[in-house]
Amino acid sequence: MESHTAQRGALEPFHEMPAPASDVSPESSETSHTRLTPQSDSEDSDLDMDELGKSFKLQRVAKDRGKVWDAEEEEDYDEDDKGNEDEGEYRTDGRRRRASVSTVQSYQLYTPDEERAVVRKFDRKLVLFVALLYMLSFLDRSNIGNAKIAGLDVDLDLDSNKYEWVLTAFYIAYISFEWMSILWKLIPAHIYVTAIVLSWGIIASLQSIATSFANLLVLRFLLGIGEAGFTGIPFYLSFFFKREELALRTGYFISAAPLATSFASTLAWAIIALGKRCPIASWRLLFLLEGFPSVLVAVIAWHIIPDSPSTAHYLTQREKKVARLRLRKEKLASSHSGTSNRCGLNVKEMLNTLTSPQTYLTALMFFFTNMAFSSMPVFLPSIIHSMGHTPLTSQALSAPPYLLSFLVVILTAYASDRLRTRSTFIIAHALLSACGYAFVALAGHRGWGIWWRYAGIYPACVGFFSVITIIITWSINNQENESRQGAGFAVLQIVGQCGPLVGTRLYPEADGPLYVRGMSVCAGSMVIVAFLALGLRFYLGWKNRAVAEGQEVVYGKIGDEGHLNTKSRVHFRYML
């Protein structure tokens, strides 16, 4: 019987073909069939990830009834079969010679329908929940802009310089504690998430009782520590989704930011209206009502957040196996790049990440995007208010640009995953955002009407929110293993979050009501992002060509005798 190769990843159902009678005796007929898809409730042996390959094959039976032959050529030899080394030998030409029939029959496969069911469950149960958490996080950090025009600056005697320091204190802590992204691999996720959500919920609520500039400054610094640890969510999602699925899930997560901002503007409008009829100042009521829900959700997070695909309580036993099997390529590639410690991190790989040009190119893109990303939400109500609108109208008009951004971010992430490209969308949206900022600056400089300036806010917001989503995904996609992903993500955040230190100082009151300088600087920063993305695309394309031409080996497997097995090299292809 000729060798049949099943579809890589997940297998479509097909009929088994019995071996010719001349090859197999009746008593060994059972070994002539390979069951490819077990029953959904199968409790067969739960193999380790490194025992399973990305391609599963029916193999012809040799004269020795206890052995089978794999006659694949070098280019088809799959390193993912490494778990079977101890049951067979490798010939000098690199082909696997023998593996027991029981090993072939023990492969646990899954159908596309099973895989889709698992992904849908993770989308509904996990992605939407962490998006809710991020929405609360962004709400608690950015509502200070709404509080300012609700009387915060008057009651606490905050001039422009003091207000900028209140904003800067948050980002100083945020940057200083970005290394906490690595903790996603060291602390069980349900414990880690519960602790950080509870911390920022309590601190955000305590802002309502601040009585001075110093009180508020300290609370904003502590709030930055709590929220810094949560930025690693895209890294955490990579434990559950494939490379080509990650942009859309990161898009769901990041889109919670514009949704939160639009929701915050509407909620702030209602709270300020309510505050005029209450003995509590409107800005105090705003901090309390928007901060306390995080405390309640933290309790829920303990029960919902899984530590890994195998611990998701909403999956059946079979679905947990499928959830692990579908990620075997990513897990095996990670295992080939070096020996990790028992915590799952490899210090050498993490240090190597610090010497990679792509790490810093991505981080610089994140830095310049964050200059715009961080400044707009905290200053937009003031900018619209300076156009001549009342505080209540300013809160209401702040919502539509973010609502549109929410929709576009999801569409952009979906298209990026389907087309499997990142740089194209970063360049397009960075230039879109730059045009929006430039239009607002030009309208202010030329003295055009306020509605022209307001219209320019839409492309500016749509652009930078989409760029943030794809940059984060691109950074994770182009690191070979989890150790590199953790280190690369930490560098991305540490360098990138320095952008808000500049962004929060781009709109001093002295530049109002037009803020031409701030808008111009943000436009220039988004143009720089487009050029950096183009440069990184060329660099990664060059690396891919070098690997394809055999000039570079990204990583390989060290054999039992301590030498590199040239037939089992695994080449990592960078996503452009």
- Any chance you could lay out the salt bridge (Lys or Arg N to Asp or Glu O under 4.0 Å) test for Arg318 and Glu114, step after step, and finish with the verdict? CA-CA 9 Å; Arg318 171 63 184 164; Glu114 286 182 307; 3.1 Å; yes
Closest non-hydrogen atom pair between [X] and [Y], with its separation:
X      : Y      : answer
Gly436 : Pro459 : CA-CG, 3.7 Å
Gln493 : Glu178 : CB-OE1, 3.0 Å
Gln358 : Leu540 : OE1-CD2, 3.7 Å
Gly496 : Phe366 : CA-CD2, 3.6 Å
Met365 : Thr369 : O-OG1, 2.8 Å
Phe240 : Arg326 : O-NH1, 3.0 Å

Measuring from [X]:[atom1] to [Y]:[atom2], what's the distance to the nearest 0.5 Å?
X      : Y      : atom1 : atom2 : answer
Ser294 : Leu139 : OG    : CG    : 7.5 Å
Leu419 : Tyr414 : CG    : OH    : 9.5 Å
Arg249 : Phe241 : CZ    : CZ    : 5.0 Å
Phe292 : Leu296 : CZ    : CG    : 4.5 Å
Thr250 : Ile476 : OG1   : CD1   : 5.5 Å
Leu132 : Leu128 : CG    : CG    : 9.0 Å

Donor-acceptor contact below 3.5 Å, side chain [X] vs main chain [Y]:
X      : Y      : answer
Asn478 : Tyr574 : no
Thr194 : Ile191 : no
Asp417 : Leu248 : yes
Lys121 : Tyr314 : yes
Asn477 : Met575 : no
Glu245 : Lys242 : yes
Ser255 : Gly251 : yes
Ser475 : Ile471 : no
Glu319 : Thr316 : yes
Ser416 : Ala413 : no

- Message: Is there a side chain to side chain contact (heavy atoms under 4.5 Å, CB included) between Gln497 and Asn370? Walk through the geometry before answering.
- Response: CA-CA 7 Å; Gln497 294 300 343; Asn370 265 326; 3.8 Å; yes
- Could you walk me through whether Leu237 and Leu126 pass side chain to side chain contact (heavy atoms under 4.5 Å, CB included), step by step? CA-CA 9 Å; Leu237 291 178; Leu126 178 61; 4.2 Å; yes
- Item | Pair Trp200, Ser137: side-chain N/O donor-acceptor within cut-off below 3.5 Å | no
- Item | Intermediate values then yes/no, side chain to side chain contact (heavy atoms under 4.5 Å, CB included), Val127 and Phe253 | CA-CA 7 Å; Val127 177; Phe253 171 69; 5.6 Å; no
- Item | Steps toward side chain to side chain contact (heavy atoms under 4.5 Å, CB included) verdict (Ile410, Thr469) | CA-CA 9 Å; Ile410 293 178; Thr469 301; over 6 Å; no
N/O donor-acceptor pairs under 3.5 Å from side chains in residues 423-431, not counting sequence neighbours:
residue, atom, partner, partner atom, Å
Ser423, OG, Arg537, NH1, 2.8
Thr424, OG1, Thr421, OG1, 3.3
His429, NE2, Thr412, OG1, 3.1

[X] versus [Y]: any side-chain heavy-atom pair under 4.5 Å?
X      : Y      : result
Val467 : Met526 : yes
Asp140 : Glu227 : yes
Phe129 : Ile300 : yes
Phe122 : Pro309 : yes
Ser433 : Phe465 : no
Tyr192 : Leu186 : no
Arg324 : Ser310 : yes

- Can you establish whether the number of heavy atoms outside Arg418 located under 6.0 Å from its atom CZ is more than 12? no
- side chain to side chain donor-acceptor pair (under 3.5 Å): which pairs involve residues 295-308, sequence neighbours left out? His190-Asp307
- Task: Could you check whether the rings of Phe239 and Tyr236 sit parallel, tilted or perpendicular, using 30° and 60° as the cut-offs?
- Result: perpendicular
- Query: Taking 4.0 angstrom as the limit, do Arg120 and Asp123 come out as a salt bridge?
  - Reply: no
- Between Phe235 and Trp184, does the ring centre distance come in under 6.0 Å? no
